[in-house]
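Position 1 is the first residue of the sequence; numbering continues from there. Read the numbers this way: they start at 1 and go in the same order the structure lists the ligands and their atoms.
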Amino acid sequence: MLIPSHVGIIMDGNGRWAKERGLPRREGHLAGINALESVLRRAELLGIPCLTVYAFSTENWKRPGMEVKFLLQLFEETLLNRADELFKNNVKVKVIGRREGLPSNLIETIKKIEEKTRNNKAFQLNIAFNYGGRAEIIDLVSSIVRDIQEGKKIDLNDEKTIANYLYSPEYPEVELLIRTSGEKRLSNFLLWQSAYAELYFTDKYWPDFDGDELEKAIEDFKKRNRRFGGLNEEGGG
Ligand code: IPE
Ligand code: IPE
Ligand code: MG
């Protein structure tokens, strides 16, 4: 089995990682940035072309105001601090999710990094921020209705046509979906795109995940037998 063309990661367990160390939750989020850098470097080395990481869900607004504020600030600071390095490493950055509800300065920073890296080719990094799989489907339905009202002919029976309305239709479906911290759920991540993803769960908290852990997940993926509803070549199940 080849390297997955698109890996999704639900980066979970920052809070518990910090709690185990008697630290405030925000230290866990900070440590999570290092984990992401290690994973990003290895993903490039392994030849994975596309990575989508879940950084903030549409449900995460339910957290205490202080934590939400911290996460928004940390995201913006990280984009600002790492923009040059990502650009130099030929990484194309895209932020998927709803822009409405985000502070205007953060929206500007997102636009700038997307613009700066838009012609980069070596690696695609999608960051899901204020992202929800159901919100994405609702947004897609609204766009389709608008296009129909404007007179566009749309084949509503064609999956490819519908998928063209996703936030990032240009990337392949998720082939490997990783979730850290021992939780075994999707939490509203890439619902359409993960329809046939191989799932990989690890008990490691996100700040303890790194390039080596990613490689383990890839090795596991290579052993999977993907049938997509069909049968093996030998005719077995
Ligand atoms: C993941 O870690 C980061 C975000 C959801 C923003 P958590 O903050 O969910 O950490 P736990 O699950 O409470 O340990
Ligand atoms: C999912 O983690 C969202 C992100 C990693 C950004 P959560 O910690 O928010 O998910 P639940 O609450 O365990 O489902
Ligand atoms: Mg969590």
Strictly under 2.8 Å, is any N, O or S atom of E183 next to the Mg ion (ligand 3)? no
Per residue D12, nearest N, O or S atom to the Mg ion (ligand 3) is named OD1
So do V93 and I127 actually touch side chain to side chain, heavy atoms under 4.5 Å? yes
D12 heavy atoms, cut-off 4.0 Å: which ligand 2 atoms fall inside? 2 (O), 8 (O)
Please list the nearest protein heavy atom to atom 9 (O) of ligand 2 with its residue and the distance rounded to 0.1 Å. N60 ND2, 2.8 Å
Heavy atoms, side chains only, cut-off 4.5 Å: are R185 and R179 in contact? yes
Assess whether a salt bridge exists between K216 and E213, defined as any Lys/Arg side-chain N lying under 4.0 Å from an Asp/Glu carboxylate O. yes
Please check if the distance between the ring centroids of F129 and F75 is under 6.0 Å. yes
Short list, please: which atoms of ligand 1 are under 4.0 Å from a heavy atom of H29? 3 (C), 8 (O)
Tell me, please: is A55 in heavy-atom contact with ligand 1, that is, under 4.0 Å? yes
Between F228 and Y196, ring centroids under 6.0 Å: yes
Please write down residue, atom name and distance for the protein heavy atom closest to atom 14 (O) of ligand 2. S187 OG, 2.6 Å
Are S194 and L177 side-chain neighbours, meaning at least one heavy-atom pair lies under 4.5 Å? yes
Residue, atom name and distance, where the atom is the protein heavy atom closest to atom 5 (C) of ligand 2: M11 O, 3.5 Å
If you scan protein heavy atoms around atom 7 (P) of ligand 2, the nearest is R63 NH2, 3.8 Å
With only distance considered, is R25 within less than 3.5 Å of ligand 1 through an N or O on each side? yes
I want to know if ligand 1 touches G15 in the polar sense, i.e. an N/O pair below 3.5 angstrom. yes
Which ligand 1 atoms does N14 reach within 4.0 Å, using its non-hydrogen atoms? 1 (C), 2 (O), 3 (C), 7 (P), 10 (O), 14 (O)
Does a donor on one side chain sit under 3.5 Å from an acceptor on the other, for E44 and N89? no
For atom 2 (O) of ligand 2, which protein heavy atom lies nearest, and how many Å away is it? R179 NH2, 3.6 Å
Under a plain distance cut-off of 3.5 Å, with no hydrogens placed, do E67 and H29 share a side-chain donor-acceptor pair? yes
Can a non-hydrogen atom of S181 be found less than 4.0 Å from any atom of ligand 1? no
Do I154 and Y165 touch side chain to side chain, with heavy atoms closer than 4.5 Å? yes
Any atom of ligand 2 sitting under 4.0 Å from a heavy atom of K62? no
Proximity to ligand 1 by part of S57, non-hydrogen separation under 4.0 Å: neither
If you have a sec, work out which protein heavy atom is nearest atom 13 (O) of ligand 2 and how many Å separate them, to one decimal? R185 NH2, 2.9 Å
Between D210 and R42, is there a salt bridge with N-O shorter than 4.0 Å? no
Can you find a side-chain donor-acceptor pair between Y167 and N126 that sits under 3.5 Å? no
Compare all side-chain heavy atoms of I3 with those of K222 and state whether any distance is below 4.5 angstrom. yes
Close-contact set for ligand 2 against F56 heavy atoms, below 4.0 Å: 6 (C)
Should E183 be counted as touching ligand 2, given the test is an N or O pair under 3.5 Å? no
